[in-house]
Amino acid sequence: MKISTFVAISMFALSFPACHSFSSCATRHVPAPRGVVLRSAAVDESSSSPSSSSSSSSSSSSTALTTTTSSIYADPSRYLSSHPSNNVPPHIAALVGRGLHVRPDHPIGIVRAKIQEYFANLDDGVTYRIYDAEDPIVTTTQCFDDLRIPPDHPGRSPSDTYYVTDTTLLRTHTSAHQSEHLRSGDADAFLCAGDVYRRDEIDSSHYPAFHQLEGVKLFPVEQMRGAEGLRGDEWTDSSECKAIAADLKSTLEGLMDHLFGETEKRWSEDYFPFTTPSYELEIKYEGRWLEVLGCGVIHEEVLDMSSRGDRRGWAFGLGLERLAMILFEIPDIRLFWTDDARFVGQFKEGKIRKFVPYSKYPPVYKDIAFWIPENYIENDFYEMARGIAGDIIERMEMIDEFTNAKKGKTSKCYRITYRSMDRSLTNEEVDALQDELRVKVENLGVEVR
Ligand code: FA5
Ligand code: MG
């Protein structure tokens with residue numbers, strides 16, 4: 001199990017099954033995305049620029065999606081460089097910029113719209129600015145330093161993160177945009193959605209590309225007077241900090257009820273370098289607890305670094321696939337990226353409908369065993385397999401591991417489940433892929449048994 005990029009806890013409380021396409025609405029050229037205001041009452045300051053379209057319609061229906069994602073993001077050559085630190089494989093570069101989150105008829109876009117709708121109709125007197133078109137390439141400063149993620153944090157390692165150069169990478173979370181939006185001073189509250197990338201294991205609930213939606217809200221200075229200048233424990237013990245945490249929790253509980261109806265929820269303490277206190281929220285789904293988001297009170301140093309040290313507030317980041325898999329009963333995370341009409345044709349703007357599986361072609365299982373070197377990185381193996389076979393790998397699991405004392409070596413055996421979502425695979429074609437993997441895997445320093 002890989003360690004989550006930011007917290008050393010299991011990322012999937014639920015083992016859970018879940019896909020990609022060019023969309024007409026996601027192909028406008030955007031010089032500099034600025035976001036738009038969600039409330040109909042608010043003036044869309046950027047409506048005169050081609051970078052945004054107004055998302056407002058009426059106060060009762062603020063669900064229209066902004067359509068500002070740039071077509072330049074869908075150019076794979078942006079992500080493949082000859083820089084020695086570049087570890088973005090072509091199959092990942094091909095995923096970037098498809099803009100699933102801005103497609104009104106796609107489950108990811110539908111969930112995003114429902115979340116925006118909730119925030120637009122919240123009775124908190126706050127206007128949430130909408131951002132959806134930030135560049136998926138961010139700097140290490142944006143993704144890590146601005147968020148107090150230390151230089152030696154495992155989340156920064158190239159085994160977990162896709163680097164374009166040594167200082168630029170595919171964002172691993174939408175929190176990478178928190179500081180720039182805070183610094184711009186454009187809004188005291190915002191929602192920011194986008195595709196994020198992590199090198200990870202492979203199964204029905206883990207895909208190296210997924211979507212997050214980030215929310216941030218700063219509180220009025222007057223409400224925080226009593227805690228002025230407080231830092232560290234003095235701040236977190238203050239009634240003002242507790243009030244922010246309480247508002248955060250009730251806001252997110254309300255969001256879950258808006259999405260799922262009344263649901264069972266549970267809060268746990270969590271840790272993020274950029275929030276304190278920090279929490280995660282799980283919801284009960286089919287008898288099991290599923291982690292849907294991380295959140296907390298924004299760390300004062302993050303606000304300081306964003307030139308907003310005079311303010312206090314909360315932030316959260318949730319996984320859109322997780323929510324969509326539950327809402328639409330989508331069993332495999334790969335489906336979100338498919339262009340198959342049998343999938344995409346099932347969803348309509350604003351409608352939550354159960355997904356009707358259209359086929360389950362038979363799986364083909366293949367095992368591979370090898371002696372590993374000392375510096376073996378499992379994610380490199382997973383990615384190599386994906387590079388060879390692509391999305392027809394449904395799952396890779398380690399089924400056996402032992403150490404030979406005499407040899408002083410450890411052997412690992414993996415079972416690979418090959419299954420296409422749209423046709424039957426032949427044994428011959430799978431054998432050919434597996435043979436290629438057996439040869440290439442030696443480049444990782446392993447010895448195939
Ligand atoms: C984060 O990414 C933090 N940036 C969240 C945050 C934002 C905390 C703001 C505090 C303030 P985490 O790695 O736990 O945290 O991911 C957040 C959510 O993204 C998870 O709860 C889950 O819903 C989703 N998620 C994480 N990893 C995956 C994955 N591999 N596939 C699908 N969804 C995932
Ligand atoms: Mg988490």
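Counting convention: from 1, in listed order, for ligands and their atoms alike. If you read the sequence from its start, that first residue is 1, and numbering goes on from there.
For the residue pair Asp367/Tyr365, the side-chain donor-acceptor check at 3.5 Å is not satisfied. Side-chain contact of His181 with Glu134: a donor-acceptor pair under 3.5 Å is present, judged by distance alone. For the residue pair Tyr162 / Glu383, a side-chain donor-acceptor distance below 3.5 Å is found, with atom types taken as modelled. Side-chain N/O atoms of His101 and Asp195 include no donor and acceptor closer than 3.5 Å.
Below 4.0 Å from some heavy atom of Asp200 lie the following atoms of ligand 1, by number and element: 30 (N). The contact set between ligand 1 and Val292, taken as ligand atoms under 4.0 Å from a residue heavy atom, comprises 21 (O), 23 (O). Close approach of ligand 1 to Leu293 is summarised as follows: ligand atoms under 4.0 Å from at least one heavy atom of the residue are 21 (O). The contact set between ligand 1 and Phe272, taken as ligand atoms under 4.0 Å from a residue heavy atom, comprises 3 (C), 8 (C), 10 (C), 15 (O). Under a 4.0 Å criterion applied to the non-hydrogen atoms of Thr275, ligand 1 contributes the atoms 10 (C), 11 (C). Close contacts between ligand 1 and Ala315 involve ligand atoms 9 (C), 11 (C) [criterion: under 4.0 Å to a heavy atom].
Ligand 1 has no N or O atom lying under 3.5 Å from any N or O atom of Gln178, backbone or side chain. Some N or O of Arg198 is nearer than 3.5 Å to an N or O of ligand 1, by distance alone. Ligand 1 has no N or O atom lying under 3.5 Å from any N or O atom of His206, backbone or side chain. On a distance-only criterion, Glu214 and ligand 1 share no N/O pair closer than 3.5 Å. Between Ser175 and ligand 1, an N or O atom pair is found at a separation short of 3.5 Å.
Atom CG of Leu100 is separated from atom CG of Asp105 by 12.5 Å, given to the nearest 0.5 angstrom.
Note: Phe381 and Tyr376 have tilted aromatic rings, judged against thresholds of 30 and 60 degrees for the angle between ring planes. Note: His258 and Tyr118 have tilted aromatic rings, judged against thresholds of 30 and 60 degrees for the angle between ring planes.
Atom OE2 is the N/O/S atom of Glu291 found closest to the Mg ion (ligand 2).
Not a single heavy atom of Trp314 sits less than 4.0 Å from an atom of ligand 1. Using a 4.0 angstrom heavy-atom cutoff, Glu321 does not count as in contact with ligand 1.
Looking only at distances, a side-chain donor or acceptor of Gln142 sits under 3.5 Å from a matching main-chain atom of Thr139. No donor-acceptor distance shorter than 3.5 angstrom exists from the side chain of Arg171 to the backbone of Val138, with no hydrogens or angles considered.
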Report, one line per pair, each donor and acceptor closer than 3.5 Å where one atom sits in a side chain of residues 216-228; sequence neighbours left out.
residue	atom	partner	partner atom	Å
Lys217	NZ	Asp247	OD2	2.9
Arg225	NH1	Glu228	OE2	3.2

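Residue contacts with ligand 1, taken as heavy atom pairs separated by less than 4.0 Å, involve Glu291 via backbone and side-chain atoms alike.
Here the shortest heavy-atom distance to atom 27 (N) of ligand 1, taken over Phe210, Phe316, Tyr279, belongs to Phe210.
At a cut-off of 2.8 Å, Glu280 does not coordinate the Mg ion (ligand 2) through any N, O or S atom.
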*Would Tyr207 and Glu321 satisfy side-chain hydrogen bond (donor to acceptor under 3.5 Å, both in side chains), going step by step from the backbone distance to the final call?*
CA-CA 10 Å; Tyr207 201 76; Glu321 275 78 358; over 6 Å; no

